[in-house]
**Student:** 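There's a structure below that I have some questions on.
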Amino acid sequence: MVNNNFETDGIQAILNLKKKKNAILLAHYYQESAIQDIADFVGDSLALAQWAAKTDADIIVLCGVNFMGETAKILSPQKRVFVPDWDAGCSLADSCPADKFKEFIDKYPDYTVISYVNTTAAVKTLTDVVVTSTNARPIVESFPPETKIIFGPDKNLGNYINSVTGRNMVLWDGACHVHERFSLEKIVELKKAYPDAVVLAHPECKTVILKIADFVGSTSALLNYSIQSPVKTFIVATESGILHEMKEKNPDKIFIPAPPNDSTCACNECHFMKLNTMEKLYNCLKDETPEIFVDEEVIRKAVKPIHRMLELSEKLGL
Ligand code: 13P
Ligand code: SF4
């Protein structure tokens with residue numbers, strides 16, 4: 001069902017261009033609803049990387065943020081990859097400049113470097129294995145307990161994995177500006193108003209939020225939990241775009257976005273993700289810009305830790 005105000009003609013024009021150019025539209029769960037509805041595939045960052053690696057389309061339009069486009073390009077360098085808005089960045093990736101990260105890891109020469117996928121391609125070249133929020137914990141656990149690990153750039157996800165695995169990974173001090181701003185007080189108030197509600201939280205949230213959450217998981221893990229749980233009401237502490245798919249899959253359940261602490265708005269959006277619009281998607285397919293380019297040498301190095309992640313994920317059944 002397509003449900004925003006982009007003209008029906010515009011939607012048809014996107015579908016026509018997509019067919020004519022043999023393009024595939026991959027969308028993250030944080031995209032606006034209309035983009036999710038028109039996409040060939042909607043998923044979390046792991047699933048988008050898996051699709052980018054296997055598609056036989058000539059063009060990938062990655063409706064998400066730039067690091068997702070870069071990952072698709074690194075995995076499929078022979079394909080042309082576009083992201084509808086060039087400025088769709090990521091505060092977490094920005095919190096970890098490659099030169100500073102190199103100085104940091106150089107202080108720990110015998111450590112294995114595990115980096116979250118929310119990083120630039122340059123940071124991935126300094127990495128032994130990439131992870132996403134879906135596979136971070138099992139991939140960390142796949143290393144022997146005595147392995148010395150640096151984890152970056154998300155300190156909240158790193159702290160969470162340390163707490164549930166008993167590891168002592170050295171953490172880079174980065175965070176996502178969206179997930180860091182959930183309000184504990186407002187979630188507690190919502191819990192009082194909806195005592196039967198279950199709190200779902202993404203591991204990029206601060207530790208205080210994760211401590212009061214009933215379930216912590218990646219975007220797709222939260223979605224699956226909402227489908228499998230007999231509970232009827234959920235307070236969702238992640239970017240509010242995921243509520244679209246949660247409501248589609250669970251029409252009889254109630255989903256309440258957890259509010260941020262610094263605004264009067266009830267939900268918490270990633271303004272980078274929301275830069276992509278249906279109009280920009282149409283223009284991007286029509287004009288074939290903005291295109292993602294990654295230096296060949298960077299691709300050669302960055303693809304190794306991403307392939308390692310995909311292989312480990314397959315082995316782990318993810
Ligand atoms: P997922 O790995 O859950 O898709 O999260 C990506 C992201 O950017 C979270 O903010
Ligand atoms: Fe980056 Fe946070 Fe936006 Fe995800 S929600 S893309 S981590 S800024």
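Sequential numbering from 1 along the given sequence is applied to the chain's residues.
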**Student:** Taking only residues two or more places apart in sequence or in another chain, which ones pass salt bridge (Lys or Arg N to Asp or Glu O under 4.0 Å) with Glu245?
**Tutor:** Lys249
**Student:** Return the set of residues passing salt bridge (Lys or Arg N to Asp or Glu O under 4.0 Å) with Arg300 (not counting sequence neighbours), or none when no residue passes.
**Tutor:** Glu297
**Student:** Applying side-chain hydrogen bond (donor to acceptor under 3.5 Å, both in side chains) as the test, list every pair that has at least one member in residues 48-70; sequence neighbours left out.
**Tutor:** Asn22-Asp58
**Student:** Return each pair, listed once, that meets side-chain hydrogen bond (donor to acceptor under 3.5 Å, both in side chains) where at least one residue sits in residues 95-110; pairs must be two or more places apart or across chains.
**Tutor:** Lys102-Asp106, Asp110-Lys148
**Student:** Less than 4.0 Å between a side-chain N and a carboxylate O, is that true for Glu311 and Arg308?
**Tutor:** no
**Student:** For Ala88, what residues pass the side-chain contact (heavy atoms from CB on, under 4.5 Å) criterion, not counting sequence neighbours?
**Tutor:** Val65, Val83, Asn276
**Student:** Assign the ring pair Phe215 / Tyr225 to parallel, tilted or perpendicular, where the plane angle (0 to 90°) is split at 30° and 60°.
**Tutor:** parallel
**Student:** Please name all residues satisfying ring pair (Phe, Tyr, Trp, His ring centres under 6.0 Å) with Phe67, sequence neighbours left out, ordered by chain then number.
**Tutor:** none
**Student:** Could you work out, with ring pair (Phe, Tyr, Trp, His ring centres under 6.0 Å) as the rule, every residue matching Tyr160, not counting sequence neighbours?
**Tutor:** none
**Student:** List in chain and number order the residues that pass salt bridge (Lys or Arg N to Asp or Glu O under 4.0 Å) with Arg167, two or more places apart in sequence or in another chain; answer none if no residue qualifies.
**Tutor:** none
**Student:** Mind checking side-chain contact (heavy atoms from CB on, under 4.5 Å) for Pro305 and listing every partner two or more places apart, or none if nothing turns up?
**Tutor:** Thr127, Val130
**Student:** Sequence neighbours left out, what passes ring pair (Phe, Tyr, Trp, His ring centres under 6.0 Å) with His307? Give chain and number order.
**Tutor:** none
**Student:** List for me each residue that meets salt bridge (Lys or Arg N to Asp or Glu O under 4.0 Å) alongside Asp196, sequence neighbours excluded, and say none if there are none.
**Tutor:** none
**Student:** Taking ring pair (Phe, Tyr, Trp, His ring centres under 6.0 Å) as the definition, give me every residue that meets it alongside Tyr29, ordered by chain and number, with sequence neighbours left out.
**Tutor:** none
